[in-house]
4 protein chains.
Amino acid sequence: MPMILTVEPDSDVPIYQQLRDRVVEAIAAGQLAAGDPLPSTRALAADLGINFHTVNKAYDLLRQEGLVRLTRKSGAVVARDPRSGPPQPGFADGWQARAHSLLAEAIAHGIAPDDLVARCRSAIEKGEQR
Amino acid sequence: MPMILTVEPDSDVPIYQQLRDRVVEAIAAGQLAAGDPLPSTRALAADLGINFHTVNKAYDLLRQEGLVRLTRKSGAVVARDPRSGPPQPGFADGWQARAHSLLAEAIAHGIAPDDLVARCRSAIEKGEQR
Amino acid sequence: MPMILTVEPDSDVPIYQQLRDRVVEAIAAGQLAAGDPLPSTRALAADLGINFHTVNKAYDLLRQEGLVRLTRKSGAVVARDPRSGPPQPGFADGWQARAHSLLAEAIAHGIAPDDLVARCRSAIEKGEQR
Amino acid sequence: MPMILTVEPDSDVPIYQQLRDRVVEAIAAGQLAAGDPLPSTRALAADLGINFHTVNKAYDLLRQEGLVRLTRKSGAVVARDPRSGPPQPGFADGWQARAHSLLAEAIAHGIAPDDLVARCRSAIEKGEQR
DNA sequence: GTGGTCTAGACCACG
DNA sequence: GTGGTCTAGACCACA
């Protein structure tokens, strides 16, 4: 059984952000579904060799996004997945602004538009499979 | 002649990053082509009311990405645009990893795959127009 | 006979607090009057699928507020309702401090004062009906 | 010149929450307006004799609410006040749910509905004055 | 100078 | 057992 959540301590992206990203990707890929439990903050921190506050911050980010629910007794639980319906109002707009910037970067670097759409498609299908 | 490069000093994204993003988007949109000069660091800093080192950092970022060439005599010059051919080796991989994470976020939040492809297309076409 | 007391186990507000809130609201709405018995701690805990100590804590909170009387033989009994006369000395002051903070939040966020009064009125009338 | 922001270390309400409440109340009362600077996290922490992380959390709460803006250079700045227009969508609903519970408590304790409306009015007018 | 991140360890609230 | 709060001190990123 592989460990889903791993982090790169030497990356320039904050550890708590990496953790949050891994959870988001796991939800998108169907590896985590609504209701699934996440490791407890302290247990995960011990596993990854990081401080429990760092895990805490990642989980809190996910809670703010509405993706996980933090409860006193059962710990962190996945709160939504791709089947949970449309996103919160306003999410799509903010997302598209970020997507625009990322796509512009690819175009500026010479990735052909057709290639770009293909790459998006493949990434989406990879996330969609389960 | 409209000012292409503007920044929001109160945004949560660093100013040097905003500057870099604006240049990338201008190149992707065809507003800047290979060989075009960029404003001098000091002039741009004065125009935007920001620190000269901040502009410097943005230009250096663009140089590291291979989008801008910095010379002592001609200042900063756009080094490549969408027509300059395929991207540097390794760029596509790194880019796709970031795209994967961004797309995963949209999927996890419940944006339908079809809607997602449509949003990518529209963003690409908007960036492509010139 | 409908169940008055229900709780959301996954909410961010503690279960014992939810329980206390439901009882307070039921008293305010006239669904519970002075002298009415409350379910026994063990029975209610079993009904709601929660720990018996949690119910105990909620009842104890209500006792401290003077809304409920706990006796060894008759269990928990509602001790007062809107018709029981003016509140205990000191209650009004503490309450108004909390109300002030809550109203301030609405004002700071831009809810118009007139709208605010209207919202208070409607909430009061809704609680008052019986 | 009086200190606006004070906290009670021995209260049962978290320090960061008290701080957040004081700022909200100051904005509602017109003591703080959009654009006004807040003390730096470390300076305020030193003044209050608390840890700078605690101040940080309070400021971050306010940022999430859209009431303050945190910038690298100018520190924390008030981002909106009662004149900044209507609240974010969804705010009013969540607020009214909390108000309902608070008002129910007052009714249950025997505060007369008329008195209740009067208290709300006076609190609102006190916040409104500037 | 500012805020942001990470670590470390303590104690409390909840169930 | 769980998460939440607070403290303390280090280092980094930004302007």
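In the text below, chain A, chain B and the rest are named by the order of the sequence lines, each starting its count at 1.
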The salt bridge (charged side-chain N to carboxylate O under 4.0 Å, His left out) partners of R69(C) (sequence neighbours excluded) come to none
Residue set satisfying salt bridge (charged side-chain N to carboxylate O under 4.0 Å, His left out) with D60(C), at least two apart, ordered chain then number -> R63(C)
In numerical order, the residues of residues 9-26 of chain D whose heavy atoms come under 4.0 Å of DNA chain E are none
Residue set satisfying salt bridge (charged side-chain N to carboxylate O under 4.0 Å, His left out) with R42(D), at least two apart, ordered chain then number -> none
Mind checking whether V78(C) and I27(C) have side chains closer than 4.5 Å, heavy atoms only? yes
Side chain to side chain donor-acceptor pair (under 3.5 Å) pairs touching residues 72-82 of chain D, sequence neighbours excluded, are D81(D)-S84(D)
Contacts of S101(B) meeting side chain to side chain donor-acceptor pair (under 3.5 Å) (sequence neighbours excluded), chain-then-number -> E25(A)
- [ ] Taking W95(D) for its side chain and L103(C) for its backbone only, find out whether a donor-acceptor pair lies under 3.5 Å.
- [x] no
Sorted by chain and number, sequence neighbours left out, side chain to side chain contact (heavy atoms under 4.5 Å, CB included) with A76(B) holds for L38(B), Y59(B), V68(B), L70(B)
Tell me what S74(D) touches on the nucleic acid: a base, only sugar-phosphate, or nothing, going by heavy atoms under 4.0 Å. nothing
Applying side chain to side chain donor-acceptor pair (under 3.5 Å) to D36(B) and not counting sequence neighbours gives none
Would the number of heavy atoms belonging to other residues, nucleotides or ligands and lying under 6.0 Å from CD of E8(D) be above 12? no
Taking Watson-Crick and G-U wobble contacts under 3.5 angstrom, with | marking pairs to another strand and [ ] crossing pairs, the secondary structure of DNA chain F is written ||||||||||||||.
On DNA chain F, more 5' by nearest nucleotide between L70(A) and R42(D) is L70(A)
Is there a side-chain contact between R22(A) and Q18(A) (heavy atoms, below 4.5 Å)?
yes
Only one of L5(D), L48(D), V55(D) passes side chain to side chain contact (heavy atoms under 4.5 Å, CB included) with P39(D), and that residue is L5(D)
The first and last nucleotides of DNA chain E lying within contact of chain C, meaning any atom under 4.0 Å from one of its heavy atoms, run from dC14(E) to dG15(E)
Sorted by chain and number, sequence neighbours left out, side chain to side chain contact (heavy atoms under 4.5 Å, CB included) with R20(B) holds for E105(A), Q17(B), V24(B), L61(B), L62(B), E65(B)
Expected list for residues 49-62 of chain A near DNA chain E, using heavy atoms below 4.0 Å, is I50(A), N51(A), F52(A), H53(A), T54(A), K57(A)
